[in-house]
Each structure stands twice: as structure tokens, then as C-alpha cells.
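Everything on this sheet refers to the single structure shown next.
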Amino acid sequence: MFLSRVFGRTLLAAARSKSYTSPAGTTAAAAASSNGREGHNPLHEFFEPDRSADDDKPVVYGRGWKASELRLKSWDDLHKLWYVLLKEKNMLMTQRQMLHSQNLRFPHPERIPKVRKSMCRIKHVLTERAIEEPDPRRSAEMKRMINAL
């Protein structure tokens, strides 16, 4: 166990220091830099990107989703939209908590209710679809999945 840790760390350090060449002939470092995600930290997704002070234009945020618009979406589209909204909600709540701890004002607090209402409307549309399902087993399964959201 000890040897595997030591050798694993040594190999990892060596892999980081040398540029790995893939079978296609491109190096991993070149591929990472071409994607622009070389120093990407996934925790940065919990914070809104900083705006420069030069931007004089006020930021205009969109409206929430209407149930009539959501009824036109497929199951997969609603599933993707749910997770986009969940990510947005987490980002807003993290930013609000961080600013609150620093005794700063949270800009645009009206965004959080828009996201929450959109998420509730997605659940409502999915529940409507589950109720309309003729197969009782599938309907019960859909309701369990919706309630787990």
C-alpha cells in the first residue's frame, strides 16, 4: 500500500512535469491550452464572472419560464433545463451567502425567485404529464422521479 502511494505520486508528478503525447500526436498541454480550460477550477462555476468597471450598461436578466413554454419541451429538454436552473440557483445562493457574510448587498435579488418559480413550473408540467399517463405503473414511476427532484 505504501509503495503504491509513493510510486503513484512519483508517476503523477512525472506526468505533470512532462508533456504527454497522445496517439493523435498532440500534447495534452497543447490540447488543454487550446480549450482555454488549462487552469479551470470547477468551483468557479459557483460564482458569477466579475464584470469590468468599464461596462456602463446595466445588466438585464431574463424572465422566468412560463408553463405554456415548458409544455412544448421534451422530457430530455426539461431534464437539462432543470439542471441548468439548479446550477444557476446554487450559484446565486452561494454568491448571496458570500456577500452576506461580507456585509455587502446582493445585486439583483429578484433573480432567485425567477429561478425557483421556473423550477416549480417544470415540476408542475412533469406532474401533469404523469397524471395524463394511461399506464398506472409508469405514472407512479414518473411521480416518484418527479418527487425526487
| query | Taking Ser118 for the side chain and Trp65 for the main chain, is one N or O donor matched with an acceptor at less than 3.5 Å? | reply | yes

| Do the side chain of Lys89 and the main chain of Val115 share a donor and acceptor less than 3.5 angstrom apart? | no

| message | Using every non-hydrogen atom in the two residues, find where Arg129 and Ser74 come nearest and quote the distance to one decimal. | response | NH1-C, 3.8 Å

| message | Tyr83 vs His79, test: side-chain contact (heavy atoms from CB on, under 4.5 Å). Steps then yes/no. | response | CA-CA 7 Å; Tyr83 282 103; His79 186 78; 3.4 Å; yes

| remark: Nearest heavy-atom approach of Ala130 to Lys143 is CB-CG, 3.9 Å

| message | Just so I know, are the side chains of Gln95 and Phe106 near enough to count as touching, which here means a heavy-atom distance under 4.5 Å? | response | yes

| task | Flag yes if Leu104 and Met91 sit in one hydrophobic cluster, no otherwise; membership is Ile, Leu, Val, Met, Phe, Trp, Tyr, and two members link when side-chain heavy atoms are under 4.5 Å apart. | result | yes

| query | Does Ser68 reach the side chain of Arg71, with side-chain heavy atoms less than 4.5 Å apart? | reply | yes

| query | Got Arg96 and Met93 here, is their nearest side-chain heavy-atom distance under 4.5 Å? | reply | yes

| note | For Lys123 and Trp82, the nearest pair of non-hydrogen atoms, with its separation, is CG-CZ3, 3.9 Å

| task | Give, for atom OG1 of Thr127 and atom CD1 of Ile122, the distance between the pair rounded to the nearest 0.5 Å. | result | 11.5 Å

| said: Looking at every non-hydrogen atom in both residues, tell me the closest pair between Tyr61 and His108 and how far apart they are. | reply: CE1-CD2, 3.3 Å

| said: So, taking the atom named CG in Leu85 and the one named NZ in Lys80, what distance separates them when rounded to the nearest 0.5 Å? | reply: 14.5 Å

| said: For the CZ atom on Arg63, are there more than 12 heavy atoms of other groups (residues, nucleotides or ligands in this structure) within a distance under 6.0 Å? | reply: yes

| field | Residue pair Val125 / Leu78: nearest heavy atoms and the distance that separates them | value | CG1-CD1, 4.1 Å

| Can Leu86 be reached from Ile146 by stepping across I, L, V, M, F, W or Y side chains whose heavy atoms are under 4.5 Å apart? | yes

| message | As an exercise, state the distance from CG of Asn147 to CE of Met145, rounded to the nearest 0.5 Å. | response | 11.0 Å

| said: Do Glu69 and Lys73 make a side-chain contact, defined as non-hydrogen atoms from C-beta onward lying under 4.5 Å apart? | reply: no

| query | Taking it one step at a time, do Arg111 and Glu88 satisfy salt bridge (Lys or Arg N to Asp or Glu O under 4.0 Å)? | reply | CA-CA 9 Å; Arg111 291 172 62 191; Glu88 179 77 9; 2.6 Å; yes

| Hey, are the side chains of Met142 and Leu126 touching, using non-hydrogen atoms and a 4.5 Å cut-off? | no

